Amino acid sequence: MAEYKSTLNITQTSFPMKANLPQTEPERQKLWEGFGFYKGAFKKPGAPKYVLHDGPPFANGDIHMGTALNKILKDIIVKYQGLKGHDAPYVPGWDCHGMPIEHKVVEKLGSKAKTMTKVEIRKECKAYAEKFLDRQRDEFKRLGVIGNFDNPYMTMDPTYELAIVKAFQQMLAEGYVSRRLRPIHWCPVCQTALAEAEVEYADHESLAVSVAFPAKQLPAGVFSKVPLDKLSFVIWTTTPWTLPANLGISVHPDFEYVAVKAGDNYYVVAKTLLPAVAQMCGWKEGDYQVVDEVIGQKLDRGLARHPFLDQDSLLMVGEHVTADAGTGLVHTAPGHGREDYEIGLKYNLPVYSPVDEAGRYDARVKEWEGMSIWKANPLVVEKLKSLGKLLSFQTIKHSYPNCWRSKNPIIFRATAQWFIELDHKDLREKCLEEIGRVQWVPSWGKDRISNMVEGRADWCISRQRSWGVPITAIYCKTCGDVVKDAKVSEATIAMIQKEGLDGWFQHQAKDILAVGTKCQCGSSEFVKEEDILDVWFESGVSHMAVLATRPELTWPADLYLEGGDQHRGWFQHALWTGVALKGHAPFKTVLTHGWVLDAQGKAMHKSAGNAIDPMDLMKQYGADILRLFVSSEDYTEDVSIGTEMLTRMSEAYRRIRNTFRFILGNLSDFDPKTDRVVLDDFLPIDRWAWAEGQKTLTSLSEAYSQYQYTRVFHELDYFFSVTLSAGYFDILKDRLYTFEAKGKARRAAQTVLYDLLKGFVIAVAPILSFTSEEIWQSLPENFKEANEKSVFDAKWPESSATAFDATVAQEWEAIFAAKKVVLKSLEGLRQAKTIGSSLEGEVALYTESEFLKKALQKHAENLRYYFLVSKVDLKEGTAPAEAQSAEDANLKLKIVAQKSAGHKCARCWNYYDQLGPEIEDLCYRCGPVVQKMPAQGPVS
RNA sequence: GGGCCUAUAGCUCAGUUGGUUAGAGCGCACCCCUGAUAAGGGUGAGGUGACUGGUUCGACUCCAGUUAGGCCCA
């Protein structure tokens, strides 16, 4: 048998089968760098805008899986919108100020920090932030993210800082800003405020006391069986020193409270805690009895007397009261506890905190004025005892907050803080209205943020730190009144524009105020605030600093896209400030994604050892595998990632890559300018495949624009492996390899391949960015337009949905359903070792379905090639008993398969009843093709 | 403890307004090919729909509770 392999048009391509992504992806990055994509050249001036506004990650440490997920999702959207013809500029941002950086820097500086000025510390912090910003920038690029990385926005950038100051000044002028007391963590040793992250917990011995507060006045009908003058409310506390600041007693609305007679007196405690309280107070079984009870709600606004001061204590109802310890009645000092403060706000209690910065009682506590609260603790207990108000007393060991630096126990102490008044000018109402206008994806985000906006107590914007933007406000030293004057505001802005934020720290109030400025109270002494702004204010106003400032962007943004935690964070603070400053939400759509969890669905923690570093994945798999993974997961929920998933992704990736490679290999001799064939010259199967491609592209567009990437992934996966690889291409190989190279039939197939290639290399680009660019770069010049140097310069394939009518589609469906039955019948022969290749078999078809029969007859002469067998007989009459039936009874198809009795063509390997006549061992199709060739020469 | 969310084959996802034997791809097992070859093709086995109860003629789908997990608070 002669060797005919050299006469075939076998695939030829230099496009490597093995991707080697970890090594090759950085080369694509360099290419993009060269194209100016990181300079903001990745946009289409003049085209309709699509603005995704980047939520700034904190410039601290390396990126983690969550950041990677977030940035890849954003990148997919931006690239899709860009390819679709939008001008979609992407400006990445970084959150640079804030506690974590300052904390790290101060820790590193050690004792030196105490001798440094704010300006000096700020310089160190800036260097630290810059270092990590650079690292993260490289990491994002490595993930394949394209954006204006050469000119990102940074909250520590002077122009950004100025925008923050302007936003603050506007809110100050419009009355949103106030200054009032609030309890915060305070270290009496360092005499400084502490942030949450600076608080450590350690075991501490405290005096725990039960205290009787005599009842003064009760709501009607409450404890009517008890003589009021003998009734007391019992509270339990581990901080007796806060009792002088007591202003109220909190109860839970749903708890049952009982009045208990013990000895001569009556005491109120929660019903479920009575046994514990009795034991604590030494009430013996039988010595006390319940005489009355009431639900907590009823106690609201009753009055008790302070145990040793001449003042009242208000009964309040709050959900924060627990029943796991104490008496179910909670001593409430709004100046000395977070929850006490919150409930105090609701009941309009003053934020009373008679303790100075060193932790000593001030003049308002006459008895112990100037005494340290730690020393006063036992004295308070003594006092209670002497007045008969002490019901129990013990020392307990419990976890207590300590200062990270001095390691001493800290306290809650009220100090003057700055606030955004959330109900000023109906801000809250307006925000809720705006929430209704925004599109939330997924839709439940709306409920989530609505609940949060409704329930938010207050927004404290002041922090007693150095690394941030100062609260540029001035207040009267005497009465505390805040200066709200347009001229002062202008002067402040002008100064910061000129000198930067350091100017604020270096100047005095008098440098900013006009000479002779006086407060309403008559004082002419003013204080310049040095507290800095909550970083949520900084990032929250990014819409002002970035969207409203950069000419290439728009206000509002089309999309904000962050993790679900940002309903509480960025989204909410952007909303408050957007509505306050501009009257509207700064976003049209808000999309949230879930958390990245480990393979078992558990949260990742460095300490738990289950954290995956995205940069490790870059080294092991490459960015496109991770990007494909992101597309495959339903990001609206939490996503699990593990080795198995990544292996799966590598496999799916290989299939897609190889399918592209197959196409490239079969187009090596195709010039679209001259070889293209019109639709009318397509073979029926080409029309089918082409239409399937169009259908899939349409569907992909739809899925992309609805942010449904799992759908994109599954459709791609299905189309590449089933429709193309196992379907069309398997059938096509015969024609591509054996037909006349330049003949119309082969060119028709190549035309379809070409359209598929051009369509799908772009359709895949938002996800498999590196690979599609690699493919694009490997395309011959005549495959692309002169200005299409990158795949991202190309235009999204406009798919036509009218490629097929429904009847034709149904015919093909029937034919492929029939093919499934054919394959099954052949499998029997194969298992019996009768045949190997399906071409060795032939089939006889029996059908009672008119529709199927018609469809089969229509394609009668090609069926053998569709089915990859050597003969298809369409038989009339009843099928023999041994026939293979279709599983789908509706198909009404039976098939008998047998080994072909024909002769194998040495070139195309199909079986024919007879070979020749042109060449003895070749079939009637191959003979003429080979005859036309130059002797022995390979096909050009 | 509260707000919001999730639970369908080993993995990733589909399942229309509750309606017959719950689907797909991948993986896996077995087989074929050796002209996409560190590729390609075929067949097959995999599901108590987290659990419990309720509504209904009928529930993966609606309701309640439980369990497990996630985010944000407390």
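What you see is a predicted model; the values in this text were computed from it and never measured. In the text below, chain A, chain B and the rest are named by the order of the sequence lines, each starting its count at 1.
Glu840(A) has a carboxylate O that lies under 4.0 Å from a charged side-chain N of Lys899(A), or vice versa, which qualifies the two as a salt bridge.
The environment of Lys446(A) atom NZ is sparse: at most 12 non-hydrogen atoms of other residues, nucleotides or ligands sit within 6.0 angstrom.
Applying a 4.0 Å cut-off to non-hydrogen atoms, the residues of residues 639-649 of chain A that approach RNA chain B are Glu644(A), Met645(A), Arg648(A), listed by residue number.
A stacking contact links Trp909(A) to G35(B): the aromatic ring centre lies within less than 5.5 Å of the base's six-membered ring centre, and the planes differ by less than 30°.
Nucleic acid contact class of Lys824(A) (heavy atoms, under 4.0 Å, all strands): sugar-phosphate only. In this structure, Asn658(A) reaches the bases: a heavy-atom distance under 4.0 Å links it to at least one base atom across the strands shown. If you check every strand for non-hydrogen atoms under 4.0 Å, Glu339(A) touches sugar and phosphate atoms only. Residue contacts shown for Lys446(A) are absent, as no nucleic acid heavy atom lies under 4.0 Å away.
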Look for any protein N or O under 3.5 Å of an N or O in nucleotides 62-67 of chain B and output each such pair with its distance, or none.
none

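Of the side-chain N and O atoms in Ser838(A), none sit less than 4.0 angstrom from OP1 or OP2 of C33(B).
Minimum atom distance to the side chain of Asn451(A) is reached by G3(B), of the listed G27(B), G70(B), G3(B).
Across all strands shown, U37(B) forms no Watson-Crick or G-U wobble pair with both key distances under 3.5 Å.
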